[in-house]
Participant: 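Submitted below is the structure of interest, expressed as structure tokens.
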Amino acid sequence: MIIYIAGVLIIAGLFFFLVGSIGMIRLPDFYSRLHSAGIIDTMGLLLSMSGLALLILNEFNLGNFLSAIKIILIIVFIFLTSPTATHAIVDAGIRAGLKPWEKKQ
Amino acid sequence: MDIVSLIAAKANYWTYVILLMVGLYAMVAKNNLVKKIVGMVIFQTAVILFYVSIGYKKGGTLPIIMHGHDHGHGVDSFIKAADYINPLPHVLMLTAIVVGVATLGVALALAIKVYQEYGTLEEDEIRKQIELKG
Amino acid sequence: MKILGTITILLCGGLLIFFTSDFPDFGDPKSPASIHLSPYFIEHTLEDTAVPNIVTSVLADYRSYDTMFETTVILTAGLACFLLLRIPTKEVTRRYYLHEPTGVTLRFDGDRYPKGSNVFKRIDSNWVPYDIIINFTCRLLIHFIQIFALYVVAHGHYSPGGGFQGGVVIGASIILFAISSNLRASIKRLGEKAAAIFTATGVFIYAGTGALCMVIGEHFLNYSFLAPLLGTDRIMARSHGIFIVEIGVAVAVMAVMIWIYYNLSSAGKQDEGL
Amino acid sequence: MTFFDGDSSLISNLPAIVVTLPLFASLIAGFLGWKNRKAPYPIAAVALFLTFISSVVLMIQVMSTGVAIEYRMAGWAAPVGIVYVIDHLSALVILLITSIAFVNFIANKSNIDTVFRNKAGAFNSLYLLFTAGLLGMTATGDAFNLYVLMEIASLSGYALIGLGSNRAPLSTLNYLFLGTIGATFYLLGVGYIYIATGSLNMADIASIMPKILDSSMILFAFIICMVGLLIKMAIFPLHGWLPNAYSESANVAAGLIAPLTTKVTIYIMIRICLTLFTPQYTFDYLNTSDLMVWLAIGTIIFGSLSALAQKDYKRMLTYIIIAEVGYMVGGFFLGNRIGVSGAILHIVNDAAMTLALFMAAGIFMWKTGEESQESLKGMFAKMPFTMAGFTVAALSVVGVPPTCGFFSKWYLISGGIAAGQYFFVAALIFSSLVNAILFFRIFEIAHFEPFKDHHHHSSNHSNKGEEASAHDTHEQTIKEAPLGMLIPFMAVSILLVVLGLYSGQIVNNIINFAIPSSIL
């Protein structure tokens with residue numbers, strides 16, 4: 001049962017990875033590309049990593065439990081750092097005078 | 001041997017050669033000194049990849065003796081060399097990475113000195129300035 | 001130059017790839033590299049050094065002499081950056097101060113800044129207002145990074161890690177602090193002199209351990225002669241010796257990264273910078 | 001001889017002490033340099049002297065026992081751990097390195113103070129680290145350890161020569177690029193050797209070599225190692241970094257690096273060809289002789305002709321160094337006993353000659369503040385002792401009999417004739433003639449033209465880093481250089497003659513044992 005939940009989570013995470021990667025290529029400017037890069041770091045990573053943690057816990061023992069804890073810690077730290085990094089980059093872009101993209105009339 | 005398995009068997013060497021040549025090209029043909037330095041780093045990294053790839057063994061895991069600290073020393077009869085990948089290239093490359101970082105630091109310091117002297121990092125402009133000064 | 005370079009490089013690359021056909025396959029367990037020397041390390045690391053992580057035991061014991069010169073290389077790089085870049089200037093040129101109650105920036109030429117007042121705060125010439133999000137997150141994370149670094153150093157015997165990796169992580173945490181606030185704040189906490197002395201201390205711990213082994217016993221860096229000092233048997237002495245030199249490596253790497261960063265980011269002035 | 005047998009473990013640890021003593025001294029000098037600006041110099045000088053003494057003891061030890069000393073680092077025996085192997089060849093080169101580092105350091109005390117001022121502590125540390133790196137390169141018996149030590153020597157070398165004139169950083173950066181390419185190629189070659197043999201120890205690889213002579217991996221490893229080392233030793237098509245880097249650096253750095261770097265790299269080449277790849281592979285199986293000797297001929301002719309075109313004294317010396325690289329590489333790849341002896345003897349002689357010439361350059365710079373040959377006018381009358389020493393060094397480079405240069409050239413030429421490489425012999429003679437022209441041109445300027453005061457038009461040379469200080473310390477009258485510079489210089493010039501007179505003994509007692517008996 002746990003395996004199926006984990007599989008669904010990982011596949012959902014991979015879907016966000018895919019969407020984010022396509023967005024990084026297809027979106028028109030710096031800020032919107034960063035937005036799609038943010039999706040990879042948050043949703044994609046959250047889902048696939050928690051899927052992995054569940055997958056490990058399928059066979060429960062102390063070592064696997066520790067590994068699962070480590071994975072959760074990774075998620076926590078990524079959730080702290082990734083938005084901050086995106087924020088800092090956007091901030092630097094604005095300060096450097098980069099104008100957001102507008103649709104041409 | 002068909003072409004796919006040939007490529008699969010030698011892919012590590014091909015990758016490192018391509019990276020090596022990318023780095024060498026940047027060092028030879030680029031005009032900007034910082035780009036040359038970046039090329040130098042790629043060049044060194046290619047060799048590091050080459051070493052690490054020759055340490056890999058099919059069916060081997062990472063070179064930490066499993067349950068080593070449960071038994072302590074003296075119990076090694078069950079350790080089979082084929083179970084673990086070759087640790088020596090990893091050790092060598094730790095040293096080589098440090099050497100690469102050190103070289104990068106000194107190269108950047110020199111590039112800053114050059115920039116302070118000439119106000120530019122483009123090699124042809126620097127050469128022009130040197131010619132003007134005689 | 002470009003065309004000549006391209007042709008030479010294509011030739012070189014072609015030659016290098018052409019000759020790979022005789023090389024052992026990727027991951028071949030029967031290649032000479034895998035059967036000549038490495039089995040010894042894998043099979044004897046526990047009985048020789050009691051360290052399960054083979055990379056650590058090879059790095060800091062079998063080939064410890066290499067690693068000593070690895071730390072010496074970074075010492076050399078730190079000294080080289082210092083010698084090339086550092087401009088030890090005492091004279092005060094143009095400086096900017098922020099009047100905190102009003103937010104007005106003032107420029108003082110020379111040393112005419114009113115000494116007693118504490119409403120002024122010194123800022124860099126290319127100063128941007130501090131971003132509270134970045135500042136807060138970095139201050140929060142630096143502690144975790146440093147604890148993790150100590151774990152990496154201390155747990156190098158049993159898991160991937162060791163002195164070099166841990167030292168890099170500590171150095172990175174302090175560089176993160178310097179980036180999130182400014183260079184002066186970080187120099188105030190860990191000055192250049194401290195960084196230089198830490199670097200030399202790190203190398204000294206390593207080389208000194210080696211010399212101690214030589215004085216007590218027979219060979220340079222042969223930790224088993226430290227057994228009477230450490231109060232253990234000769235094999236555990238090797239394990240402890242590895243740990244001592246790993247600490248030396250960590251200290252040296254940490255300090256030299258900071259030292260090089262100070263010099264590179266401010267072009268040697270260490271006055272203003274990132 | 002039982003002199004060393006009953007002694008303490010200090011003697012048995014000498015191979016480690018020789019290398020780590022400069023390392024410890026550099027750490028201590030670095031510690032004390034922050035407190036007291038004057039402290040590092042005496043520490044460094046004492047350490048270099050002690051290193052010199054221990055290298056002498058090592059030499060005596062090797063000569064008296066007649067077998068190579070093998071020192072196990074960390075106590076692990078050969079293929080597992082790293083070993084130091086001190087045989088006759090490496091003991092000779094270690095002695096050479098320590099003596100040159102010591103003499104150059106003593107002779108340039110004032111230069112260090114004026115050029116590096118409050119960074120003298122860091123400079124002294126790097127000087128010692130450079131020495132340690134070279135000594136380790138010479139002593140080690142492990143192919144990868146050699147790479148690490150090579151990088152220590154290179155990195156400290158970049159820093160030392162990066163602080164020269166205003167152009168020095170740019171030429172040093174070019175040196176760094178080429179040096180890194182060279183070192184990385186060497187590392188790649190070691191990797192190829194490793195995948196072919198699975199070992200890193202030179203003796204161990206040599207014992208596996210006969211089984212895998214026709215492996216293409218070994219062939220490629222040989223080519224790549226050689227290309228890397230040839231870049232590092234500045235042979236003709238790959239020489240581009242050397243002239244600028246050496247001529248624009250400070251005198252004290254040039255005086256250390258110019259005599260040693262290229263020579264130690266040639267020693268490494270010899271060591272790798274003889275100990276790692278075995279003479280059987282290098283000379284018999286691959287038959288590299290012709291190609292390498294032609295490369296050497298090109299280097300000799302190119303170096304000599306370019307030296308002829310230089311107006312600047314130090315630049316001229318750098319091209320002479322390039323030509324001399326050709327002597328040694330060519331001599332070694334002649335592949336017969338006389339040629340190899342000549343090449344090894346020339347490593348010693350050429351290092352001493354280059355040191356003398358660069359010390360003379362230091363004295364001239366101190367005297368006139370300029371580097372052009374024109375500035376040497378009337379020097380014979382003003383500085384008789386210096387010019388006497390300079391004459392000896394110049395005659396030695398030309399190859400006039402009582403000096404050492406003659407004897408090594410004699411060996412090289414006889415080796416060339418014995419091997420039938422007449423073009424090499426011709427190139428040697430041509431280069432000697434060019435050297436004669438070069439130095440007699442300087443003699444003529446220095447002897448016949450009247451002394452001219454340079455202080456009035458020195459403003460157009462204001463970019464030379466040491467120029468200003470030279471004028472501050474030495475305003476008007478022209479006399480001999482200070483004794484601190486003169487005595488080491490005279491000692492080196494006398495040494496050039498002594499080396500020449502004893503070269504027969506050196507060849508018979510040291511170099512003969514250094515060459516494997518399979519080379520006839």
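Chain naming here is simple, since letters A, B, ... match the order of the sequence lines and numbering starts at 1 in each. Remember, predicted model here, so these are calculated numbers, not experimental data.
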Participant: Would you give the length of the straight line joining atom NZ of K113(B) to atom CG of L163(D), rounded to the nearest 0.5 angstrom?
Facilitator: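 Spacing of NZ (K113(B)) from CG (L163(D)) equals 5.5 Å.
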Participant: Does Y115(B) OH have over 12 foreign heavy atoms under 6.0 Å away?
Facilitator: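 Atom OH in Y115(B) is not packed in, count stays at 12 or less.
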Participant: Let me know if I152(D) has heavy atoms under 4.5 Å from chain B in its side chain, its backbone, both or neither.
Facilitator: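 Neither part.
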Participant: Return the option, out of L24(B), L88(B), I126(B), with the maximum number of heavy-atom pairs under 4.5 Å with chain D.
Facilitator: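 Among L24(B), L88(B), I126(B), the one with the most close pairs to chain D is L88(B).
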Participant: Of the backbone (N, CA, C, O) and the side chain (C-beta and beyond), which part of F144(D) lies under 4.5 Å from a heavy atom of chain B, both, or neither?
Facilitator: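 Contact with chain B is through the side chain of F144(D) alone.
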Participant: Between I130(B) and L170(D), what is the shortest heavy-atom contact and its length?
Facilitator: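 What the structure gives for the nearest pair is CD1-CD2, 3.9 Å.
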Participant: What do the steps show when you test Y13(B) against Y192(D) for ring-ring contact (aromatic ring centres under 6.0 Å, His included), and what is the final call?
Facilitator: CA-CA 11 Å; Y13(B) 304 117; Y192(D) 278 27; 7.9 Å; no
Participant: Could you pull out the closest heavy-atom pair between V99(B) and Y147(D), with the gap in Å?
Facilitator: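 In this case the closest contact between V99(B) and Y147(D) is CG1-OH, 3.6 Å.
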Participant: Can you confirm whether K10(B) is buried at NZ, in the sense that more than 12 heavy atoms of other residues, nucleotides or ligands lie under 6.0 Å from that atom?
Facilitator: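 Yes, because the 6.0 Å sphere around NZ of K10(B) holds more than 12 heavy atoms from other groups.
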Participant: Between atom CG of L176(D) and atom NZ of K36(B), what is the distance when rounded to the nearest 0.5 Å?
Facilitator: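 The NZ atom of K36(B) is 11.5 Å from CG of L176(D), to the nearest 0.5 Å.
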Participant: Quick check: closest heavy atoms across F43(B) and T180(D), and the distance to 0.1 Å?
Facilitator: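 Smallest interatomic distance, heavy atoms only, reads CE2-O, 4.5 Å.
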Participant: Which value, rounded to the nearest 0.5 Å, describes the distance between T95(B) atom OG1 and N145(D) atom CG?
Facilitator: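 If I round to the nearest 0.5 Å, the distance is 9.5 Å.
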Participant: Provide the closest heavy-atom pair for A102(B) versus L155(D) in the form atom of the first, atom of the second, distance.
Facilitator: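 Shortest heavy-atom separation between A102(B) and L155(D) comes out as CB-CD1, 3.6 Å.
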Participant: Using side-chain heavy atoms (C-beta onward) and a distance below 4.5 Å, is L92(B) in contact with Y194(D)?
Facilitator: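 A side-chain contact under 4.5 Å is absent here.
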Participant: Where does N174(D) contact chain B at under 4.5 Å (heavy atoms): side chain, backbone, both or neither?
Facilitator: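 Only the side chain of N174(D) comes within 4.5 Å of chain B.
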Participant: Give me the atom names and distance for the closest heavy-atom approach of F177(D) to M27(B).
Facilitator: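 F177(D) and M27(B) have their closest heavy atoms at O-CE, 3.6 Å.
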Participant: Examine whether an atom of L20(B) lies under 4.5 Å from a heavy atom of chain D, and if so say whether it belongs to the side chain, the backbone or both; otherwise answer neither.
Facilitator: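 Answer is side chain: those atoms of L20(B) sit under 4.5 Å from chain D.
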Participant: Of all heavy-atom pairs between G191(D) and I54(B), which one has the smallest distance, and what is that distance?
Facilitator: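 Looking at all heavy atoms of both residues, the closest pair is O-CD1, 4.3 Å.
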Participant: Give, as side chain, backbone, both or neither, the part of Q44(B) having an atom under 4.5 angstrom from any heavy atom of chain D.
Facilitator: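 Both the backbone and the side chain of Q44(B) come within 4.5 Å of chain D.
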Participant: With a 4.5 angstrom heavy-atom cut-off, could you sort out which part of E123(B) is near chain D: side chain, backbone, both or neither?
Facilitator: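 E123(B) touches chain D through side-chain heavy atoms alone.
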Participant: Measure the OH-CD1 distance between Y51(B) and I195(D) for me, rounded to the nearest 0.5 Å.
Facilitator: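 Result: 9.5 Å between the selected atoms.
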Participant: Distance from L188(D) atom CG to I48(B) atom CD1, nearest 0.5 Å?
Facilitator: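 The CG atom of L188(D) sits 12.0 Å away from the CD1 atom of I48(B).
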